[in-house]
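The chains referred to below are lettered A, B, ... by the order of the sequence lines, with proteins before strands, and numbering in each begins at 1.
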There are 2 protein chains.
Amino acid sequence: MKEDFLTNFREIVIETPVDIIIRQIRELISSGQLKAGDRLPSERILSERFGVGRTYVRDAIRKLEFYGILKTHPQSGTVVSGLGIIALEGLITDVLQLNGNDFNSLVETRVLLETNSAYFAATRRTDDDLMGIKKALAAYELAVVDGRPSMEEDLMFHLKIVEATKNSVLMSLMMIVTPDILSFFTKNKVCSGDKPISALREHYEIVEHIENQDADKAKASMRNHLDDLLNVPN
Amino acid sequence: MKEDFLTNFREIVIETPVDIIIRQIRELISSGQLKAGDRLPSERILSERFGVGRTYVRDAIRKLEFYGILKTHPQSGTVVSGLGIIALEGLITDVLQLNGNDFNSLVETRVLLETNSAYFAATRRTDDDLMGIKKALAAYELAVVDGRPSMEEDLMFHLKIVEATKNSVLMSLMMIVTPDILSFFTKNKVCSGDKPISALREHYEIVEHIENQDADKAKASMRNHLDDLLNVPN
DNA sequence: TGCTAATATTTGGTCAACCAATTAATTGGT
DNA sequence: ACCAATTAATTGGTTGACCAAATATTAGCA
């Protein structure tokens, strides 16, 4: 009987002061009160505000800095690192602050990022990159021929290409944009009919150009591929 | 000639006390003197042995704990957690890679975003947009001729162009990337000499193309402008 | 001798005070 | 009125001392 009580109480998690501070700072960022490039209040102010020792504040900042969310400049201040914001979960929509009719912006930006990713990927791809891309393409093809929903495999294929660019910032930006794209398409039930078949052919074409390291053709084929996609919602 | 020295010296990485301790602990583990499950000497002993303050030792332990290499038990001791040892091997190189080529990615991505922004801005600009851009350009020119630091006005000019694209996602991404760009340039004291003069001329050229709504030329002139900028740090 | 309980020591955790670098404010001179 | 140099305030960095929990040691008894 006593065991039951124990198992119930087990779920209680002690929240250390550090965790509390981290949560609060994260909320400040995700709510938009702290934007990219903004300066954090000084450690002393924060410690006073939270009613805890400065050590806790420092530890919290260190941890967030480790995640890449904050950047500390000695004797100057601590600022919010823009690219690190990506690490925050569920924050994406807040960052982009999408308002319904902005979907065109979203797609347009994706096209922009991806066409150039194809260009860079064709330029810098290693054999490992190529193998990863082909693997993702195979998974996508498998989903298509089975008639299964292939949206996830499709996105994975595209992300693999971005990965091959060796551009971490480009990768990060794609990670920001991708979830919103995905949520829209799943919500609007696009991606039906015989679209995946033609898309598959285009995927093969893109991979071929990347394999041959023909950057311009890779870019062009990616643009062609995404233009098809762009005509659907519009 | 001086350039050669610079490129040689660039590779020097300042090793903070924390990094030194991390390296030493790493060596202790990889040499087998510290096996999984072993207890680390107390923080006081370590600080005395390394000849540094206990804070450094604590920070180093925290960092290693973050990687999953160590596990601290309050009021008891710190033990080596066997699982994360693989991660420890590439730890330092990972950190260096992140800090090293990230800037290239940053600049490359900025060029990408901005050149296409110029394109879209030329296509969609309203008269109000044009006025705003010219206003920002005037402010920039004023700063340049006064010899004042013109970095902020420069960025404002670029942001105004992005604004004219009417693409909110593009705008958001630029806002994410911009602070990191800015912090780098202010830190490395670039943007000196007669650079602003030529930059000013290029700005005028960009505005001219945007005014004439010549998208391709606007894009080309923006690329030319940013390529100059890209050649500085590299 | 063997075991328990009281005690001393060691442990990581926490705090307040101080340091040097940076930034803001003030002053003094032109 | 403006600008330079000096001073004051603020910042993150660092240190040593102190705290409670955990452990090792010792004292005391059967």
Inset, instruction - Measure from CD on Glu43(B) to P on dA22(D) and round the result to the nearest Å. - result: 16 Å

Legend entry - Note, Arg58(B) side chain near Arg54(B) side chain (heavy atom, < 4.5 Å): yes

Legend entry - Rounded distance (Å) that lies between atom C1' of dT15(D) and atom CZ of Arg54(A): 12 Å

Legend entry - Toward the 5' end of DNA chain D, by each residue's nearest nucleotide, Pro17(B) or Ile45(A): Ile45(A)

Legend entry - OP1 or OP2 of dA21(C) under 4.0 Å from side-chain N/O of Ser76(A): no

Inset, instruction - Let me know the distance between CD of Gln75(A) and C1' of dA21(C), rounded to the nearest Å. - result: 5 Å

Inset, instruction - Measure the distance from OH on Tyr56(A) to P on dA16(C) and round it to the nearest whole Å. - result: 11 Å

Inset, instruction - May I have the distance from Arg39(A) (atom CZ) to dT23(C) (atom C1'), rounded to whole angstrom? - result: 9 Å

Legend entry - Pairwise side-chain contact, Arg26(A) with Ile22(A), heavy-atom cut-off 4.5 Å (strictly under): yes

Inset, instruction - For His73(A) and dG12(D), give me the distance from atom NE2 to atom C1', rounded to whole Å. - result: 12 Å

Legend entry - Distance in angstrom units between Arg58(A) CZ and dC15(C) P, rounded: 14 Å

Inset, instruction - Ignoring backbone atoms, establish whether Ser42(A) has a side-chain N or O less than 4.0 Å from OP1 or OP2 of dT11(D). - result: yes

Inset, instruction - Using whole Å, report how far CG of Leu40(A) lies from P of dT10(D). - result: 18 Å

Inset, instruction - Flag this pair as yes if the NZ/CZ of Arg124(B) is under 6.0 angstrom from the six-membered ring centre of Phe120(B) and inside a 45 degree cone about the axis; otherwise no. - result: yes

Inset, instruction - Could you please name the partner base of dT30(C), counting Watson-Crick and G-U wobble pairs only when both distances are under 3.5 Å? - result: dA1(D)

Legend entry - Under 3.5 Å donor-acceptor, Ser76(A) side chain and His73(A) backbone: no

